[in-house]
Amino acid sequence: MNVTIPIYEAMIRFIHSYLHSFSLSFPVIAWALAMTSLGAISLGSFQTAAILLAGLFCYDIFWVFGTDVMMTVATKVEAPVKFLYTAPPPAEGAEMREYPFSVLGLGDIVIPGLFVRFMSKLDAALQPAKFSYFGAATAAYAFGK
Amino acid sequence: MVKGFLRILCLSTSVFSSEVFSFAPHALPRGPSLILRSSAEDDVLQNPITSFMNNFKIQRQPATPVESEEERLKRLKREELLTLEEKEVERALKVKEDAIPYLLLLALQFLPLIGSDRIESITYFWGVATATVYVGGRQVTLEESEERVTSENALYAPIGASVSIGLLYVLIKAGFNPGALYAFGVTIFGALAISDIGVPLLRNVLPNSFAEAKVKVPGSISKSLGFGDEDLPLDGLTTLILGIGCTAAYWAPVAMEQKFLVSNGK
């Protein structure tokens, strides 16, 4: 069985995918920015975290579902502040997508991430014997995502 | 009688010196200083009157070499670099501890090989987001002081974010796309972020000699990067070059063409 052709096809698809999603540098820059933001910003207290998350929850719902503002800005402003994944091809007969990527903004990672990091510091300070606040927060984020 | 008097004197001296006038010698100023003895044992062995007088004896501390301002700054810089190196070692250990999520992040970048259906895109976003939050939440940072968000700032954050996004929207609708300017600023920060985040990652991938190696560069470059007269660490320099490389790749003609096509909806 000749495996050369599938490997070759996979390589082509991989290269094409990254050329099409603005090269591999795009996710690398976005990821580095997310990591640096998580390390540089600290939530002072649980109260601050609750206010920030609740406020940005309302902000997100309003601008994403209430208006076309978020969608327009996210698709028109091209900068490595989001993760992209090539969107699935449209179904037969359906219109071509105007923006050919699925998008995940850095805010969806950094804002909850700040809370998770705060929980990690809480673990270090309180040293709970049985329960990890960080573990619970990460699990809640993973489940809720 | 004399013996009794001396005994009382001796006793009073020891109480006097140990309880009432027990100064910490290091708290006294340099140079000639008044040293009050606190050891009762010495007092008993010596003549009690001599011992009492010794409590007020002026002693000269041994002269310590005085360092110049330049030497002091160099010493402080060395100490700072040493602390930085300790933190870097700690960061590299944390990355090693979290090797699996980091490898998962790397593996997810190859997911487009499998396909671009809904399930793959969901897996990609879920994996990237969760792994980043996990490693980001546990990471060790070089800076001790972080930008602390206050409750007041948190309260105004949605308003500030709304004003920013509203302004961008108005500009786009008016025909001015600030995307290039915004992307330029973001990629500059991105290059710096890669140079910072990349160090512990490279230290785990490359041999130890890489972490210890130094690169001789002209003094002006070294000073401008805050390293004084020291040689630059190879790992930091490599990640900085990687960061600049990623920024250059982002702005490369191929990528620009793709951005052009996408932003025009073609």
Side-chain angles (χ1 to χ4, degrees), chain A residues 10 13-14 17 19-20 22-29 31-36 38-45 47-48 51-52 55-56 58-59 63 69-70 72-73 76-81 83 85-88 98-100 102 104 108-109 112-113 116-117 119-120 134 138 141-142 145, chain B residues 105 109-110 112-113 116-118 120-121 124-126 128-130 132-139 141 143 146-151 154-155 157-158 161-162 165-166 168-169 172 177-179 182-183 186-187 189-190 193-194 196-198 243 246-247 249-250 252 254-255 258-259 262-263 265:
Chain A
R13 196 193 292 181
F14 180 70
S17 167
L19 284 181
H20 201 63
F22 315 153
S23 80
L24 190 63
S25 67
F26 204 100
V28 173
I29 296 174
W31 181 76
L33 283 170
M35 287 289 285
T36 309
L38 285 176
I41 305 167
S42 160
L43 297 175
S45 64
Q47 186 194 15
T48 306
I51 293 171
L52 187 73
L56 289 175
C58 298
Y59 156 88
W63 290 113
V69 170
M70 185 71 86
T72 306
V73 172
K76 294 289 179 194
V77 176
E78 285 309 336
V81 286
F83 288 97
Y85 198 89
T86 310
E98 195 180 337
Y99 192 72
S102 302
L104 178 70
D108 293 331
I109 296 175
V116 172
R117 184 160 169 76
M119 290 295 112
S120 153
F134 170 75
T138 310
Y141 177 73
K145 195 82 199 153
Chain B
L105 275 167
Q109 304 312 313
F110 294 90
L113 282 174
S116 60
D117 284 339
R118 191 172 166 77
E120 282 104 18
S121 67
Y124 177 79
F125 288 137
W126 182 84
V128 166
T130 309
T132 305
V133 162
Y134 181 82
V135 294
R138 283 167 53 87
Q139 70 177 320
T141 51
E143 299 289 327
E146 295 169 342
E147 187 81 22
R148 194 169 281 254
V149 181
T150 61
S151 294
L155 203 59
S162 298
I165 204 166
L168 280 171
Y169 182 75
I172 290 165
N177 194 339
Y182 183 62
V186 167
T187 48
F189 276 111
I194 290 169
D196 176 41
I197 296 294
C246 277
T247 300
Y250 177 81
V254 174
Q258 294 300 329
K259 272 197 286 290
V262 169
S263 60

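Every heavy atom of this structure was used, including side-chain atoms; hydrogens, water molecules and symmetry mates were not. Note on naming: letters A, B, ... go to the chains in the order of the sequence lines (proteins, then strands), and numbering restarts at 1 for each one.
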A:Ser120: partners by side chain to side chain contact (heavy atoms under 4.5 Å, CB included), with sequence neighbours left out: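 Side chain to side chain contact (heavy atoms under 4.5 Å, CB included) list for A:Ser120, sorted by chain: A:Phe134.
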
Contact summary for [X] and [Y], nearest pair of heavy atoms:
| X | Y | result |
| --- | --- | --- |
| B:Gly137 | A:Arg117 | O-NH1, 3.3 Å |
| A:Pro80 | B:Thr187 | CG-CG2, 3.9 Å |
| A:Ile29 | B:Cys246 | CD1-O, 3.9 Å |
| B:Tyr250 | A:Ala79 | OH-CA, 3.5 Å |
| B:Gly179 | A:Val77 | CA-CG1, 3.9 Å |

Criterion side-chain contact (heavy atoms from CB on, under 4.5 Å) on B:Tyr182 and A:Val81, from CA distance to verdict: CA-CA 10 Å; B:Tyr182 183 62; A:Val81 286; 4.1 Å; yes

Pairwise side-chain contact, B:Arg138 with A:Thr138, heavy-atom cut-off 4.5 Å (strictly under): no

Check: B:Ile197 and A:Trp31 side chains under 4.5 Å, non-hydrogen atoms: yes

Can you measure from [atom1] ([X]) to [atom2] ([Y]) and round to the nearest 0.5 angstrom?
| X | Y | atom1 | atom2 | result |
| --- | --- | --- | --- | --- |
| A:Ile41 | B:Arg148 | CD1 | CZ | 13.0 Å |
| B:Thr141 | A:Leu38 | OG1 | CG | 11.0 Å |
| A:Tyr59 | B:Ile165 | OH | CD1 | 4.0 Å |

B:Trp126 side-chain N/O to A:Ala142 backbone N/O, donor-acceptor pair under 3.5 Å: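 Pair found, side chain donor or acceptor close to backbone of A:Ala142.
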
Any donor-acceptor pair under 3.5 Å from B:Gln139 side chain to A:Met35 backbone: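 Confirmed, B:Gln139 side chain pairs with A:Met35 backbone.
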
Contact leader toward chain A among B:Gly190, B:Ala157, B:Ala193, where contacts are heavy-atom pairs under 4.5 Å: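 Maximum pair count with chain A is reached by B:Ala193.
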
Option in B:Val128, B:Val133, B:Ile172 with maximal non-hydrogen atom pairs under 4.5 Å from chain A: B:Val133

Chain B contact via A:Met70 - which portion, at a heavy-atom distance below 4.5 Å: both

Geometric class of the A:Tyr85/B:Tyr124 ring pair [parallel <30°, tilted 30-60°, perpendicular >60°]: tilted

Heavy-atom proximity to chain A below 4.5 Å, by part of B:Leu155: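 Backbone plus side chain of B:Leu155, per the 4.5 Å heavy-atom cut-off to chain A.
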
Per-residue contact mode, B:Ser121 against chain A (heavy atom under 4.5 angstrom):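 Contact with chain A: backbone and side chain both.
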
Residue among A:Val73, A:Val69, A:Thr36 with most heavy-atom pairs under 4.5 Å to chain B: A:Val69

Interface residue of largest heavy-atom contact number with chain B, from A:Gly113, A:Ser102, A:Ala87, A:Ala34, under 4.5 Å: A:Ser102

Qualifying residues under side-chain hydrogen bond (donor to acceptor under 3.5 Å, both in side chains), relative to A:Thr48, sequence neighbours excluded: A:Ser45, B:Ser151

